[in-house]
2 protein chains.
Amino acid sequence: MDEKEVIETLRASGYKLTKARRAVIRVLVQSRRKLTAQEILEKGKEEDPKLGIVTVYRTLEILGEIGVAKRLHGESGCHSYALSEPGEHRHYLICKGCGAVIEFEGYEEIGALLSRLEKETGFQITDHWLQVFGYCPRCRERVNEGGGK
Amino acid sequence: MDEKEVIETLRASGYKLTKARRAVIRVLVQSRRKLTAQEILEKGKEEDPKLGIVTVYRTLEILGEIGVAKRLHGESGCHSYALSEPGEHRHYLICKGCGAVIEFEGYEEIGALLSRLEKETGFQITDHWLQVFGYCPRCRERVNEGGGK
DNA sequence: ATAAGTGCAAATCGTTTGCACACTT
DNA sequence: AAGTGTGCAAACGATTTGCACTTAT
């Protein structure tokens with residue numbers, strides 16, 4: 001999803017495009033990392049200095065509703081948000097170094113696992129969530145070089 | 001893990017067994033569901049009427065630290081806690097009806113998926129998290145019968 | 001023009017911290 | 001007895017809500 005597509009989706013869903021919303025969208029599109037609402041606010045202010053945290057939250061809610069952004073869950077209990085392809089994927093690969101987020105498809109492996117689980121537990125599985133953490137190629141280098149740690 | 005094992009682990013880790021802690025542990029052991037801190041407080045009060053929310057949080061932190069309870073992440077942003085086998089599993093099967101939590105092993109399917117991901121993305125994967133949602137056998141029946149919904 | 005969107009301040013909710021008192025070992 | 005653990009009240013941080021003002025269509 002690029003900026004244009006996000007904006008189109010937004011309009012198609014009956015929402016107006018405002019300066020504030022464009023700022024939030026642009027931050028998400030340009031960073032492609034997971035960002036907290038606060039981080040989005042700060043970067044967004046570079047584009048729309050009047051941007052407020054409330055609008056950031058409200059915009060994220062709308063973007064979530066129309067499926068183009070998702071809320072990610074951090075260990076600590078605080079959330080981050082990231083752009084995503086529309087739809088119901090719930091699989092993210094997240095760089096612990098720079099926060100880069102890559103969304104990936106539910107490969108057959110997951111399907112196999114789920115049907116196995118259903119068989120073994122008697123559960124009727126409806127949904128799942130997978131977050132994978134690691135280091136992206138760039139951060140991986142940095143970490144491995146870093147000598148000390 | 002039953003109550004006795006949890007208590008032993010607690011003591012072995014240098015913590016004292018108190019009325020409050022026993023109450024929290026008992027709630028977790030007896031329900032085997034995911035529970036919010038508030039829910040644990042309420043049920044725990046049946047056993048120790050003086051129990052306070054602060055102690056619930058502190059006990060959950062300790063249980064997490066010694067590996068016998070885990071924090072689960074809910075869609076809304078609020079957390080639940082559940083008993084778990086000690087160690088680093090991060091795979092839970094959660095009933096959307098009654099909240100029952102089943103922990104399962106990281107089957108080969110996940111290993112296969114992860115190594116595939118590593119190859120395709122160049123990430124160095126260090127960790128992952130999987131939560132699977134559905135209906136347990138009992139709730140499944142209830143839902144399917146329920147005619148209306 | 002007008003409904004939708006905004007920022008501010010205040011409210012809320014889950015969680016944590018400071019502190020004097022109580023309990024386990 | 002002595003240190004650990006407790007509850008309370010207050011602090012805290014993220015998120016939401018009420019409201020009068022502004023803006024996109």
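Chain identifiers are assigned alphabetically (A, B, ...) following the order of the sequence lines, protein sequences preceding nucleic acid strands; residue numbering begins at 1 within each chain.
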Can you tell me the distance, in whole Å, between the CD atom of A/E65 and the P atom of C/dG5?
-> 11 Å

For DNA chain C, the residues among residues 31-50 of chain A that have a non-hydrogen atom under 4.0 Å from it = A/K50

B/T126: side-chain hydrogen bond (donor to acceptor under 3.5 Å, both in side chains) partners, not counting sequence neighbours | A/K96

Listed in order of residue number, which residues of residues 11-21 of chain A have a non-hydrogen atom at under 4.0 Å from DNA chain C?
-> A/Y15, A/K16, A/T18, A/A20, A/R21

Within residues 124-133 of chain B or reaching into it, pairs that qualify as salt bridge (Lys or Arg N to Asp or Glu O under 4.0 Å) - sequence neighbours excluded = B/R90-B/D127

Gap between atoms CG and P, on B/L10 and D/dT4 respectively (whole Å) = 14 Å

Under the side-chain hydrogen bond (donor to acceptor under 3.5 Å, both in side chains) test, residues paired with A/E47 that sit two or more places apart | A/R26

So, for A/M1 and A/L83, which heavy atoms are closest and what is the spacing to 0.1 Å?
-> O-CD2, 3.8 Å

Report all interatomic pairs (protein N or O, nucleotide N or O of nucleotides 16-19 of chain C) with separations under 3.5 Å.
none

Side chain to side chain contact (heavy atoms under 4.5 Å, CB included) partners for A/I7, two or more places apart | A/E3, A/R11, A/L17, A/I25

Is A/H79 near enough to D/dA14 that one of its side-chain N or O atoms lies under 4.0 angstrom from OP1 or OP2?
-> no

Tell me, please, which residues at least two apart from A/K119 pass side chain to side chain contact (heavy atoms under 4.5 Å, CB included).
-> none

Can you name the residues that form a side-chain hydrogen bond (donor to acceptor under 3.5 Å, both in side chains) with A/K70, not counting sequence neighbours?
-> A/S84

Listed by chain and number, what are the ring pair (Phe, Tyr, Trp, His ring centres under 6.0 Å) partners of B/F133, not counting sequence neighbours?
-> A/W129

Which residues share a side chain to side chain contact (heavy atoms under 4.5 Å, CB included) with A/S31, sequence neighbours left out = A/R33, A/L35

Flag the pair B/E103 / B/Y92 as yes when at least one side-chain heavy-atom distance between them is below 4.5 Å, and no otherwise.
-> yes

Nearest-Å distance for atom pair CD1/P, residues A/I62 and D/dA24 = 15 Å

Protein-nucleotide distance (B/R22, atom CZ; D/dG5, atom P), rounded to Å = 15 Å

Considering residues at least two apart in sequence or located in another chain, which fulfil the side chain to side chain contact (heavy atoms under 4.5 Å, CB included) criterion with B/I62?
-> B/L10, B/Y15, B/R21

